Amino acid sequence: GRAGAMERWTGRVALVTGASVGIGAAVARALVQHGMKVVGCARSVDKIEKLAAECQSAGYPGTLIPYKCDLSNEEEILSMFSAIKTLHQGVDVCINNAGLARPEPLLSGKTEGWRTMIDVNVMAVSICTREAYQSMKERNIDDGHIININSMNGHSVVPQSVVHFYSATKYAVTALTEGLRQELREARTHIRATERRGLLGSSVCCPLSRAPLLSLQCLKAEDMANAVIYVLSAPPHVQV
């Protein structure tokens with residue numbers, strides 16, 4: 001079954017970006033439940049530290065390692081990867097979940113808000129993907145997995161001006177995931193790339209969403225965590 005299929009990940013290392021709240025936190029917890037060493041990063045780690053303590057007292061077989069990292073800063077991302085290499089050999093699973101939405105319409109939005117969204121939603125995803133792949137490659141890991149948590153906004157543009165630029169960054173993630181899949185195929189590796197779409201994409205969209213969506217957030221986070229476990233538990237030669 002699926003639980004048995006997760007056994008090959010026991011003791012292996014997963015990086016989850018944006019692990020302090022919402023989908024990221026739910027995914028991090030699920031991976032720890034399945035025995036993985038999970039490096040959970042965010043700009044503020046107090047919530048991740050709390051989650052790590054909860055995982056420990058629940059007796060989960062894995063561990064959650066909180067790591068403070070500002071994903072809009074490449075140097076911080078690179079030093080995080082280098083710390084992971086030093087302490088845990090490298091990354092076997094990379095879950096690009098962090099994403100942020102700033103309410104900046106196309107006709108009146110602030111450049112700074114747009115730039116931050118590009119830096120976190122597009123650049124950080126690309127940098128983390130590259131570094132995770134290089135980490136796998138140098139250790140001859142052929143069954144690694146890169147999962148981009150995308151948003152429905154990466155597949156359709158809704159008539160809500162505050163999410164238009166955000167939506168453009170999520171369309172970029174759609175293209176990046178497909179391009180990545182092609183490059184991995186060309187590299188003749190069995191490392192996989194998968195995209196998972198959430199209703200909210202990431203909990204940071206909540207302030208921009210209509211109120212009824214907010215009550216769905218916890219459910220959606222759990223659903224997404226289950227979807228990630230499902231994807232990871234597919235046999236190594238199956239593309240999900």
Side-chain angles (χ1 to χ4, degrees), residues 15-27 40-48 67-78 80 94-131 146-180 193-221 223-224 227:
L15 171 65
V16 179
T17 66
S20 55
V21 290
I23 290 168
V27 168
C41 78
R43 274 171 306 183
S44 57
V45 290
D46 46 341
K47 289 189 176 114
I48 307 177
Y67 198 97
K68 184 173 164 47
C69 181
D70 177 355
L71 291 159
S72 66
N73 181 330
E74 182 179 22
E75 282 173 22
E76 288 196 26
I77 299 175
L78 297 181
M80 171 174 68
C94 179
I95 297 178
N96 291 309
N97 162 71
L100 54 85
R102 294 268 186 269
E104 309 286 359
L106 302 179
L107 299 182
S108 59
K110 291 188 184 67
T111 306
E112 206 37 54
W114 294 342
R115 191 167 281 126
T116 308
M117 284 187 268
I118 290 277
D119 284 344
V120 175
N121 301 0
V122 182
M123 293 302 291
V125 167
S126 302
I127 296 165
C128 287
T129 295
R130 178 189 68 203
E131 297 303 313
I146 296 162
I147 299 174
N148 291 334
I149 307 288
N150 204 346
S151 161
M152 294 313 257
N153 288 312
H155 296 269
S156 65
V157 179
V158 296
Q160 215 178 334
S161 62
V162 288
V163 296
H164 287 158
F165 194 93
Y166 168 76
S167 187
T169 65
K170 289 302 190 174
Y171 264 76
V173 172
T174 303
L176 289 171
T177 310
E178 182 50 38
L180 174 61
T194 309
E195 177 188 288
R196 273 289 174 247
R197 292 171 215 170
L199 179 63
L200 295 177
S202 167
S203 54
V204 257
C205 307
C206 289
L208 310 183
S209 306
R210 298 284 176 255
L213 284 181
L214 298 181
S215 58
L216 289 173
Q217 190 200 335
C218 290
L219 172 71
K220 288 294 155 199
D223 288 350
M224 187 60 84

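Numbers here simply count residues along the sequence, with the first being 1. Here the structure is a predicted model, which means the values were calculated and not measured.
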Pairs of donor and acceptor atoms involving the side chains of residues 172-180, under 3.5 Å and at least two apart or interchain, shall be tabulated with distances.
from: Thr174; atom 1: OG1; to: Asn150; atom 2: ND2; distance (Å): 3.0
from: Thr174; atom 1: OG1; to: Gly154; atom 2: O; distance (Å): 3.0
from: Thr174; atom 1: OG1; to: His155; atom 2: NE2; distance (Å): 3.4
from: Thr174; atom 1: OG1; to: Lys170; atom 2: O; distance (Å): 3.2
from: Thr177; atom 1: OG1; to: Asn148; atom 2: ND2; distance (Å): 2.9
from: Thr177; atom 1: OG1; to: Val173; atom 2: O; distance (Å): 2.7
from: Glu178; atom 1: OE1; to: Arg181; atom 2: NH1; distance (Å): 2.7
from: Glu178; atom 1: OE2; to: Gln182; atom 2: NE2; distance (Å): 3.3

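- No side-chain heavy atom of Leu71 sits less than 4.5 Å from a side-chain heavy atom of Glu76.
- Looking at heavy atoms from C-beta onward, Leu15 lies in side-chain contact with Met80 at the 4.5 angstrom threshold.
- Applying the ring pair (Phe, Tyr, Trp, His ring centres under 6.0 Å) test to Tyr171 and every residue at least two apart in sequence or in another chain returns nothing.
- Here Arg43 pairs with nothing under the salt bridge (charged side-chain N to carboxylate O under 4.0 Å, His left out) rule; sequence neighbours left out.
- The side-chain contact (heavy atoms from CB on, under 4.5 Å) test applied to Leu107 returns no partner, not counting sequence neighbours.
- Shown here are the salt bridge (charged side-chain N to carboxylate O under 4.0 Å, His left out) partners of Glu112, two or more places apart in sequence or in another chain: Arg115.
- Note: Lys110 NZ to Thr116 OG1 = 11.5 Å, rounded to the nearest 0.5 Å.
- Nearest heavy atoms, Thr129 versus Val125: OG1-O, 2.7 Å.
- Between the Thr17 side chain and the Asn96 main chain, no donor and acceptor come within less than 3.5 Å of each other.
- The closest side-chain heavy-atom distance from Cys128 to Ile77 is below 4.5 Å.
- Residues Ile95 and Ile149 form a side-chain contact, since some pair of their non-hydrogen atoms from C-beta on lies under 4.5 Å apart.
- Looking at heavy atoms from C-beta onward, Met117 lies in side-chain contact with Phe165 at the 4.5 angstrom threshold.
- Not counting sequence neighbours, the partners of Ala42 by the side-chain contact (heavy atoms from CB on, under 4.5 Å) test are Ser20, Ile48.
- With hydrogens and angles disregarded, no donor-acceptor distance shorter than 3.5 Å links the side chain of Ser167 to the backbone of Val163.
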Quick one: do Ile23 and Lys220 satisfy side-chain contact (heavy atoms from CB on, under 4.5 Å)? Show the steps, please.
CA-CA 8 Å; Ile23 290 168; Lys220 288 294 155 199; 5.7 Å; no
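- The side chain to side chain donor-acceptor pair (under 3.5 Å) search around Arg130 returns Glu74, not counting sequence neighbours.
- Summarising the geometry, atom OG1 belonging to Thr111 is positioned 11.5 Å from atom CD1 belonging to Ile118; distances are rounded to the nearest 0.5 Å.
- Qualifying side-chain contact (heavy atoms from CB on, under 4.5 Å) partners for Ser44, counting only residues two or more places apart in sequence or in other chains: Asp46.
- In this structure, the side chain of His164 engages the main chain of Val158 through a donor-acceptor pair within 3.5 Å.
- Minimum interatomic distance between Arg196 and Ala227 (heavy atoms only, all atoms of both residues): NE-CB, 3.6 Å.
- For Asn121, the side chain to side chain donor-acceptor pair (under 3.5 Å) partners two or more places apart in sequence, or in a different chain, are Thr169.
- Scored by the side chain to side chain donor-acceptor pair (under 3.5 Å) test, Asp70 finds Ser72 as partners (sequence neighbours excluded).
- Side-chain contact between Tyr166 and Ser151: present, with at least one pair of heavy atoms (C-beta onward) separated by less than 4.5 Å.
- Listed by first then second residue, pairs satisfying salt bridge (Lys or Arg N to Asp or Glu O under 4.0 Å) with a partner in residues 146-160 number zero, not counting sequence neighbours.
- Nearest heavy atom pair, residue Gly18 against residue Ala98, reads N-CB, 3.7 Å.
- Side chain of Glu104 to backbone of Trp114: no donor-acceptor contact under 3.5 angstrom is found.
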